[in-house]
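Keep in mind that what you see is a predicted model, and the values were worked out from it rather than measured. The basis for the numbers below is simple: all heavy atoms, side chains too, and nothing from hydrogens, waters or symmetry mates. Note that the numbering runs from 1 along the sequence shown for the chain.
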Amino acid sequence: MSFLRRRSAKPAGPDFDVLAVDPGDWPGDLGAGLLPAPDGTCQGVFLRYDLFGGRGTAMIIGNLPEGSPAREVAEGEVPFEVAQLLQALGNDEKVTVDGVEDVPVMQGDNLLIVRRLKLSESRISCVQFDRSDGVLVTIAAWDRPITDDLYALLKPLPAELFQQG
């Protein structure tokens, strides 16, 4: 997937392309967060989508490069994005991963192998896939299934979205 390659020039935000749903394609509010490392590098980007502004968090999409500590979760533990979704919802229930299923998905002419995580909380849908540049993308959604249509909406967001100023 050529549009998922690592950038050659260093942007103001993360040093990798962030794959997510463009804010212009989402009907609600968008919040973004960067996970910094002590050396100043970006160890992950998380985009939180609120449905129709103020109705509550509906989805979190995370992009974690290789070596990011947020990628390291114990067996049975939920990904960082699921924990962030639960926190945003004010839900302190213990949720675990009960199983994983690999599903092939076509994205244009490219085959994408998506891991669907089966969680103990059935109102959370969660999928993960590895990009060609080693970045792990995790999508966690509350009370809505993640369908193949969502993958068609994913695109790299411009670095300017993550600039401070």
Side-chain angles (χ1 to χ4, degrees), residues 1-51 53 56-91 95 97 100 102 105 107-108 110-117 119 124-142 146 150-165:
M1 300 173 84
S2 61
F3 65 91
L4 299 180
R5 65 190 180 289
R6 182 170 291 278
R7 292 183 177 145
S8 58
K10 186 173 182 174
D15 64 347
F16 51 89
D17 286 324
V18 175
L19 187 65
V21 179
D22 190 292
D25 295 338
W26 185 261
D29 296 331
L30 171 73
L34 302 176
L35 183 63
D39 66 359
T41 60
C42 180
Q43 294 299 306
V45 175
F46 303 92
L47 294 113
R48 183 170 78 180
Y49 298 88
D50 290 336
L51 184 60
T57 300
M59 183 183 303
I60 292 182
I61 300 178
N63 288 250
L64 298 174
E66 291 175 324
S68 174
R71 287 177 72 153
E72 300 170 17
V73 294
E75 186 173 332
E77 294 294 312
V78 297
F80 185 79
E81 295 80 359
V82 172
Q84 291 295 305
L85 181 63
L86 289 167
Q87 183 178 10
L89 294 167
N91 186 335
V95 177
V97 176
V100 178
D102 287 342
V105 174
Q107 188 178 34
N110 297 304
L111 178 64
L112 187 65
I113 302 299
V114 174
R115 291 179 298 282
R116 289 193 186 277
L117 281 66
L119 304 175
I124 299 175
S125 298
C126 183
V127 298
Q128 295 182 314
F129 59 90
D130 297 302
R131 297 184 351 197
S132 60
D133 62 356
V135 172
L136 174 66
V137 176
T138 301
I139 304 169
W142 176 255
I146 298 172
L150 177 65
Y151 304 112
L153 294 174
L154 297 176
K155 59 185 81 169
L157 298 180
E160 298 79 41
L161 183 68
F162 304 99
Q163 290 180 347
Q164 294 183 358

[Y] side chain reached by [X] side chain, heavy atoms, under 4.5 Å:
{"X": "Pro69", "Y": "Gln43", "value": "yes"}
{"X": "Cys126", "Y": "Thr138", "value": "yes"}
{"X": "Leu136", "Y": "Glu81", "value": "no"}
{"X": "Pro23", "Y": "Leu47", "value": "no"}
{"X": "Val137", "Y": "Ile61", "value": "yes"}
{"X": "Leu154", "Y": "Val21", "value": "yes"}

Salt bridge present between Lys155 and Asp25 (N-O < 4.0 angstrom): yes

Any idea which heavy atoms bring Val97 and Val100 closest together, and the distance? CG1-CG2, 4.3 Å

All heavy atoms of Ser68 vs all of Leu64, minimum pair found to be OG-CD2, 3.7 Å

Kindly say whether [Y] contributes a backbone atom to a donor-acceptor pair with the side chain of [X] at under 3.5 angstrom?
{"X": "Arg48", "Y": "Gln84", "result": "no"}
{"X": "Asn63", "Y": "Leu19", "result": "yes"}
{"X": "Tyr151", "Y": "Leu112", "result": "no"}

Look up atom [atom1] in [X] and atom [atom2] in [Y], then write down how far apart they are to the nearest 0.5 Å.
{"X": "Leu35", "Y": "Arg71", "atom1": "CG", "atom2": "CZ", "result": "12.5 Å"}
{"X": "Trp142", "Y": "Met59", "atom1": "CH2", "atom2": "CE", "result": "14.0 Å"}
{"X": "Leu34", "Y": "Thr41", "atom1": "CG", "atom2": "OG1", "result": "11.0 Å"}
{"X": "Glu66", "Y": "Asp130", "atom1": "CD", "atom2": "CG", "result": "8.5 Å"}
{"X": "Leu150", "Y": "Ile139", "atom1": "CG", "atom2": "CD1", "result": "4.5 Å"}

Exactly one candidate in Val82, Leu86, Leu85 meets side-chain contact (heavy atoms from CB on, under 4.5 Å) with Ile60; the answer is Leu85

Using 30° and 60° as the class boundaries, would you call the ring planes of Phe80 and Phe46 parallel, tilted or perpendicular? tilted

